[in-house]
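Since the structure is predicted, the reported quantities are computational estimates derived from the model, not experimental observations.
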Amino acid sequence: MKNKVLIIGGGIVGLATAWRLMEVRPDLKITVLEKEQEVATHQTGHNSGVIHSGIYYRPGTLRAQNCMEGYGALLSFCDEHGIPYDICGKVIVATRPEELPQLDRIMENGLQNGLKNIRRISAAETREKEPHVNVIESLWVPQAGIVNYKKVAKKYAELIIARGGVIRTGFKVSSIKRSNDEVTAIGEAGEISGDLLINCAGLYADKVAQMTGQNIQGVQIVPFRGEYYELKPEKQYLVNNLIYPVPNPEFPFLGVHYTRMIEGGIEAGPNAVLAFRREGYSRWDLNVPELLETLSYPGFLRLAAKNWRYGLGEMHRSYSKSAFVKALQHLIPAVGFDDLERGGAGVRAMACDREGKLIDEFLIFEDHNIINVCNAPSPAATASLAIGKTIAEKALLKF
């Protein structure tokens, strides 16, 4: 039986898309192609595990809509399949008076996005929830939570296989051949054809899109590494749940924060530094051609010119534990140098345009037998079932 749909990328978005297609059309033959030996290896597998509420996203955007829909779908899925999660809530903490107007804007976003029971709380009430935090006022967001997204993605994969879908691991696509009625993905592991190809390749989404020949308007993936420290067990009492700063509205990152993990432990971070390779999880990982491609991209050069001070500060924190600790003490002054040990890291695929703007919205290009998902920023994991549904609907319109 011929494949109807090929999906490149076995991360949480690609798998959610396959599952959503199979829910509606179980008769379709669907194959997911993943270059690693197991699914959910990269962005999904390095996710901090936060269930996002949707409070940060501009009302009416795809990010806001998909987060709100995906949040409920995710919790229902976890309930149905016995995946542990905890809706523990979080505080967004203002430490200086000049941060209060931004806290107001975030709260207004949340209200417009339909969040219930979010509220401003005093320093005293904040410390009832997080006794060690530095705060003048905060925003309480009861909907935020934690989960293991790798477990969620692996459950998607299990269900896809149970329904008759195929997941080909170890299949790295090196080229794509197209005709009017067929698309063929080619790699060292062989060739596989289908009627429709969906690109959910994450950190390499732009590269796969180029293989399809589709015009993606000069967009390029710029990889940003986020590094974490972990609180030592004897200091984990300093954090109860989730503690976030008021984010700087000039940057697409939320700032270093504290996250309780569903399987135990407290993460502190991340920073946001340019990765020297697309899958560079260490400060020392280097891929010269990939780095040169980033450094020569006009969009990155414009981005760096506008934000070089911020970037240098983030890079300093990457190589200096003392600088990283100082940033964390902004929220919890009692955290000391010896209370932290280096943890893991993730790499975010940030789509950048040629003008130097990091695209903060879902970005999908399509034609008659190709769908290229070229940007799936946070909250992509929280919203995976909603994003998967959106992509599946686009795919079904082509049959």
Query raised in the report: Within 45° of the six-membered ring axis of Trp140 and under 6.0 Å from that ring's centre, is NZ or CZ of Lys90 located there?
Result: no

Salt bridge between Lys232 and Asp339, side-chain N to carboxylate O under 4.0 Å? no

(request) Kindly work out whether a path of hydrophobic side-chain contacts (I/L/V/M/F/W/Y, heavy atoms less than 4.5 Å apart) joins Ile186 to Ile192. (result) no

Check your understanding: Are Leu28 and Leu196 grouped together when hydrophobic residues (ILVMFWY) are joined by side-chain heavy atoms under 4.5 angstrom apart?
Key -> yes

In this structure, CG of Asp181 is separated from CG of Asp195 (nearest 0.5 Å) by 7.5 Å

Would you check if the side chain of Arg25 reaches a backbone N or O of Leu396 as a donor-acceptor pair within less than 3.5 Å?
no

Separation between SG (Cys352) and CD1 (Ile359), nearest 0.5 Å, reads 7.0 Å

**Asked** Going by heavy atoms in the side chains, are Asp86 and Arg260 under 4.5 Å from each other?
**Response** yes

- Message: Would a single hydrophobic cluster contain both Leu274 and Tyr281, if residues Ile, Leu, Val, Met, Phe, Trp and Tyr are joined by side-chain heavy-atom contacts under 4.5 Å?
- Response: no

Item to complete: Please step through side-chain contact (heavy atoms from CB on, under 4.5 Å) for the pair Ile55 and Asn113, ending with a clear verdict.
Response: CA-CA 7 Å; Ile55 196 164; Asn113 286 336; over 6 Å; no

Closest non-hydrogen contact found for Gly269 with Tyr228 is C-CE2, 3.7 Å

(Q) Can a side-chain donor-acceptor contact be found between Asn148 and Glu263 if the only test is distance below 3.5 angstrom? (A) yes

Taking Glu314 first and then Arg309, would you say they form a salt bridge - that is, a charged N and a carboxylate O separated by under 4.0 Å? no

Hey, what's the ring geometry for Tyr57 with His52, parallel, tilted or perpendicular (30° and 60° as the breaks)? perpendicular

Q: Side-chain contact test, heavy atoms from C-beta onward, threshold under 4.5 Å: evaluate it for Glu130 versus Asn241 and give yes or no.
A: yes

May I ask you to decide whether Arg63 forms a salt bridge with Glu361, counting only side-chain N to carboxylate O separations under 4.0 Å? no

Assess the residue pair Glu99 and Arg96 against the criterion (salt bridge (Lys or Arg N to Asp or Glu O under 4.0 Å)); give the C-alpha distance rounded to whole Å, side-chain angles, the decisive distance to 0.1 Å, and a yes or no. CA-CA 6 Å; Glu99 293 176 331; Arg96 304 187 304 272; 3.4 Å; yes

Determine whether Ile106 and Gln102 make a side-chain contact, defined as any pair of heavy atoms from C-beta on separated by less than 4.5 Å. yes

Here the gap from Ile92 atom CD1 to Leu242 atom CG, rounded to the nearest 0.5 Å, amounts to 10.5 Å

Margin query: Check this for me, if you would: do Glu23 and Arg20 make a salt bridge, where the nitrogen-to-carboxylate-oxygen distance has to be below 4.0 angstrom?
Written below: yes

Closest non-hydrogen atoms of Val93 and Ser138, given as atom of the first, atom of the second and distance, are CA-CB, 4.0 Å

- Query: Hey, does Leu385 have a side-chain heavy atom less than 4.5 Å from the side chain of Tyr156?
  - Reply: yes

Only residue of Val173, Val32, Val373 satisfying side-chain contact (heavy atoms from CB on, under 4.5 Å) with Ile8 is Val173

| task | Would you mind reporting whether Ile161 and Ile167 have side-chain heavy atoms less than 4.5 Å apart? | result | yes

Item checked: Note: Lys154-Glu38 ion pair, threshold 4.0 Å (strictly below) -> yes

What one should report as the nearest heavy-atom pair of Gln220 and Tyr297 is OE1-CD1, 3.4 Å

Q) In this structure, are over 12 heavy atoms from other groups packed under 6.0 Å from Glu341 atom CD? A) yes

| said: Using a strict threshold of under 4.0 Å (side-chain N to carboxylate O), is an ion pair present between Asp367 and Arg178? | reply: yes

Step by step, work out the side-chain contact (heavy atoms from CB on, under 4.5 Å) result for Ile118 and Leu111. CA-CA 8 Å; Ile118 59 173; Leu111 292 172; 4.0 Å; yes

Paired with Phe224, the side-chain contact (heavy atoms from CB on, under 4.5 Å) test is passed by just one of Asn271, Val273, Leu358, namely Leu358

If Ile, Leu, Val, Met, Phe, Trp and Tyr residues are connected whenever their side-chain heavy atoms lie under 4.5 Å apart, and connections chain through other members, are Leu203 and Leu303 in the same group? no

Consider only side-chain N and O atoms of Ser48 and Tyr149, and report whether a donor and an acceptor are under 3.5 Å apart. no

Scanning both residues in full, the closest heavy-atom pair of Pro59 with Asn109 reads CD-OD1, 3.2 Å

Judged by modelled atom types alone, do Asn372 and Gln214 share a side-chain donor-acceptor pair under 3.5 Å?
yes

Over 12 non-hydrogen atoms of neighbours within 6.0 angstrom of NZ in Lys150
yes

message: Testing the 3.5 Å rule here: is there a donor-acceptor pair between the side chains of Gln65 and Glu69?
response: no

Open item on the list: Over 60° means perpendicular and under 30° means parallel, so tell me whether His42 and His46 are parallel, tilted or perpendicular.
Closed with: parallel

- Message: Would you say CZ of Arg342 has more than 12 non-hydrogen atoms from neighbouring residues, nucleotides or ligands within 6.0 angstrom?
- Response: yes

Is the shortest heavy-atom distance from the side chain of Ile243 to the side chain of His257 under 4.5 Å?
-> no

Step by step, work out the salt bridge (Lys or Arg N to Asp or Glu O under 4.0 Å) result for Glu137 and Arg120. CA-CA 7 Å; Glu137 198 171 340; Arg120 292 277 287 270; 2.9 Å; yes

Between the OG1 atom in Thr382 and the OH atom in Tyr71, the distance rounded to the nearest 0.5 Å is 9.0 Å

task: Assess whether side-chain contact (heavy atoms from CB on, under 4.5 Å) is satisfied between Leu139 and Ile121, documenting all intermediate values.
output: CA-CA 6 Å; Leu139 182 58; Ile121 60 176; over 6 Å; no

Let me check something: any side-chain donor-acceptor pairs from residues 323-334 under 3.5 Å, sequence neighbours excluded? List them with distances.
residue: Gln329; atom: NE2; partner: Val335; partner atom: O; Å: 2.8
residue: His330; atom: NE2; partner: Thr95; partner atom: OG1; Å: 3.0

Exercise. Identify whether the distance between the nearest side-chain nitrogen and carboxylate oxygen of Lys235 and Asp338 falls below 4.0 Å.
Key: no

Note to self: I'd like to know if Glu34 pairs up with Arg168 as an ion pair, taking the criterion as any Lys NZ or Arg NE/NH1/NH2 lying under 4.0 Å from an Asp or Glu carboxylate oxygen.
What the structure shows: no

State, with a plain yes or no, whether a side-chain heavy atom of Val5 is found less than 4.5 Å away from one of Thr31. no

inquiry  = Just so I know, are the side chains of Val152 and Ile12 near enough to count as touching, which here means a heavy-atom distance under 4.5 Å?
reply    = yes

In this structure, CD1 of Ile371 is separated from CG of Leu197 (nearest 0.5 Å) by 9.5 Å

- Between Lys155 and Phe77, is NZ or CZ placed under 6.0 angstrom from the six-membered ring centre and within 45° of the ring axis? no

Can you tell whether the side chains of Lys207 and Glu290 come within less than 4.0 Å, N to carboxylate O?
no

Closest non-hydrogen contact found for Val147 with Pro84 is CG2-O, 3.3 Å

Could you tell me whether Glu279 and Arg225 make a salt bridge, using a distance below 4.0 angstrom between a side-chain N and a carboxylate O? no

Lys/Arg-Asp/Glu bridge criterion (N-O < 4.0 Å) met for Arg119, Glu125: yes

Rounding to 0.5 Å, atoms CG (Asn240) and CD (Glu128) come to a distance of 12.0 Å

| request: May I ask you to check if Lys321 and Tyr229 form a cation-pi contact, with NZ or CZ under 6.0 angstrom from the six-membered ring centre and within 45° of the axis? | output: no

Correct closest heavy-atom pair for Val91 and Lys129 would be CG1-CD, 4.3 Å

According to a 4.5 Å side-chain heavy-atom criterion applied to Ile, Leu, Val, Met, Phe, Trp and Tyr, with indirect links allowed, do Val133 and Val141 form part of one hydrophobic cluster? no

